Amino acid sequence: MGVDVKGVTVPALLLSLDTTLTADENIDEIELRLNTPFFNNSRILINTNGLVLETNHINKILKIFEQHNAILLEIKSDFHAKESSNKANVQTTHKKSLLTLNQTIRGGQKIEYDGDVLIFGTVNANAYIVATGNIIVLGTMKGVAHAGASGDETAMVVSLNLKPQQLRIANHIAKSPDNIDELPDIPEKAYITDNSINIEKV
């Protein structure tokens with residue numbers, strides 16, 4: 001049967017692993033699937049269906065996602081990572097759950113969540129979004145976004161229209177220029193590289 005792909009919550013896709021295959025065979029299937037333009041820059045959830053993935057499997061999957069500019073939103077809770085005795089320094093990459101909000105976040109509101117946050121709507125000025133994981137705004141981000149709030153420097157802020165008052169990722173802070181209304185109306189992502197927050201077109 002192989003790895004199954006379904007659209008779940010636009011624009012996220014769900015990859016369901018095939019329990020009749022080994023973990024390595026599933027990873028080969030994922031690489032084949034992502035090796036098409038359809039998956040470039042996509043946001044993906046993985047359901048292991050109870051298949052046990054070890055840390056080296058997760059690292060392989062993350063490397064494949066990185067090669068294809070895909071974003072891993074979550075590995076569902078069936079996942080159990082086995083720490084090998086010689087992998088003491090390998091960071092566990094299990095993602096926490098996803099909070100989905102289909103609403104406008106008004107000025108003065110504050111959303112705090114232990115995991116990733118996906119917002120279908122606008123985050124107005126003086127609104128605060130704080131997440132230990134990624135923040136994805138499918139609208140305009142005008143307020144303050146703090147991704148990776150627990151110190152995760154791999155977290156990102158992604159928006160269809162990124163015009164925040166302030167961006168924070170882990171302990172890094174970036175402020176928008178004063179002429180915020182002149183920023184381009186294009187999807188962008190903010191992430192940490194070279195010890196600072198960088199923004200690039202998605």
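Keep in mind that what you see is a predicted model, and the values were worked out from it rather than measured.
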J.: Could you tell me which non-hydrogen atom of R106 sits nearest to which non-hydrogen atom of Q109, and how far apart they are?
T.: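 For R106 versus Q109, the nearest heavy atoms are N-OE1, 2.7 Å.
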
J.: Okay, side chain of Q103, backbone of G121: is any donor-acceptor separation there less than 3.5 Å?
T.: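 Not at all, since once roles are kept as given, no pair shorter than 3.5 Å links the two residues.
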
J.: Of the non-hydrogen atoms in E153 and I192, which two are nearest, and what is the gap between them?
T.: O-CB, 3.5 Å

J.: To the nearest 0.5 Å, how far apart are CZ in R33 and CD in E29?
T.: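 The distance works out to 6.5 Å.
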
J.: Side-chain contact, heavy-atom cut-off 4.5 Å: N195 with H172?
T.: yes

J.: Same cluster or not: V158 versus L118, using hydrophobic residues (I, L, V, M, F, W, Y) connected whenever any side-chain heavy atoms lie under 4.5 Å apart?
T.: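 Per the 4.5 Å side-chain linkage, V158 and L118 are co-clustered.
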
J.: Are L98 and F120 grouped together when hydrophobic residues (ILVMFWY) are joined by side-chain heavy atoms under 4.5 angstrom apart?
T.: yes

J.: Which residue pairs pass the salt bridge (charged side-chain N to carboxylate O under 4.0 Å, His left out) test when at least one of the two sits in residues 189-202, sequence neighbours left out?
T.: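 Of all non-adjacent pairs touching residues 189-202, those that pass salt bridge (charged side-chain N to carboxylate O under 4.0 Å, His left out) are K189-E200.
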
J.: Short question: side chain of H146, backbone of A131 - any donor-acceptor pair under 3.5 Å?
T.: no

J.: In chain order, what residues pass the side-chain contact (heavy atoms from CB on, under 4.5 Å) check against L160, with sequence neighbours excluded?
T.: L138, P187

J.: Using only heavy-atom distances, determine whether the side chains of T154 and D152 contain a donor-acceptor pair under 3.5 Å.
T.: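 Yes, because at least one side-chain N or O of T154 sits under 3.5 Å from a partner of the opposite role on D152.
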
J.: List the atom of A147, the atom of V157, and the distance in Å for their closest heavy-atom pair.
T.: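 Residues A147 and V157, closest heavy atoms: CB-CG2, 3.8 Å.
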
J.: Given 3.5 Å as the limit, does a donor-acceptor pair link the side chain of H68 with the main chain of L34, or not?
T.: yes

J.: Is there a side-chain contact between L17 and I30 (heavy atoms, below 4.5 Å)?
T.: yes

J.: Less than 4.5 Å apart, any side-chain heavy atom of L99 and any of I111?
T.: yes

J.: Got M141 and L167 here, is their nearest side-chain heavy-atom distance under 4.5 Å?
T.: no

J.: Any side-chain heavy atom of I64 within less than 4.5 Å of one from I27?
T.: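 Side-chain contact under 4.5 Å: yes.
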
J.: Calculate, to the nearest 0.5 Å, the distance between atoms CG and OH belonging to N134 and Y191 respectively.
T.: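 Answer for the CG-OH pair, N134 versus Y191, is 14.0 Å.
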
J.: Can you tell me which residue among V144, L101, I135, I129 is in a side-chain contact (heavy atoms from CB on, under 4.5 Å) with V123?
T.: I129

J.: Under 4.5 Å between any side-chain heavy atoms of I169 and M156, yes or no?
T.: no

J.: For a quick test of reading the model, state the closest non-hydrogen atom pair linking N124 to G107 and the distance between them.
T.: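 Residues N124 and G107, closest heavy atoms: CB-N, 3.9 Å.
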
J.: For residues Q67 and K63, determine if any side-chain heavy atom of one lies less than 4.5 Å from a side-chain heavy atom of the other.
T.: yes

J.: As an exercise, state the distance from CD1 of I186 to OG of S159, rounded to the nearest 0.5 Å.
T.: 11.0 Å

J.: Answer yes or no: is there a donor N or O on one side and an acceptor on the other, between the side chain of T132 and the main chain of A149, under 3.5 Å?
T.: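 Absent.
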
J.: Can a donor-acceptor pair be found between the side chains of T20 and D18 at a distance below 3.5 Å?
T.: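 The answer is yes; a qualifying pair exists.
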
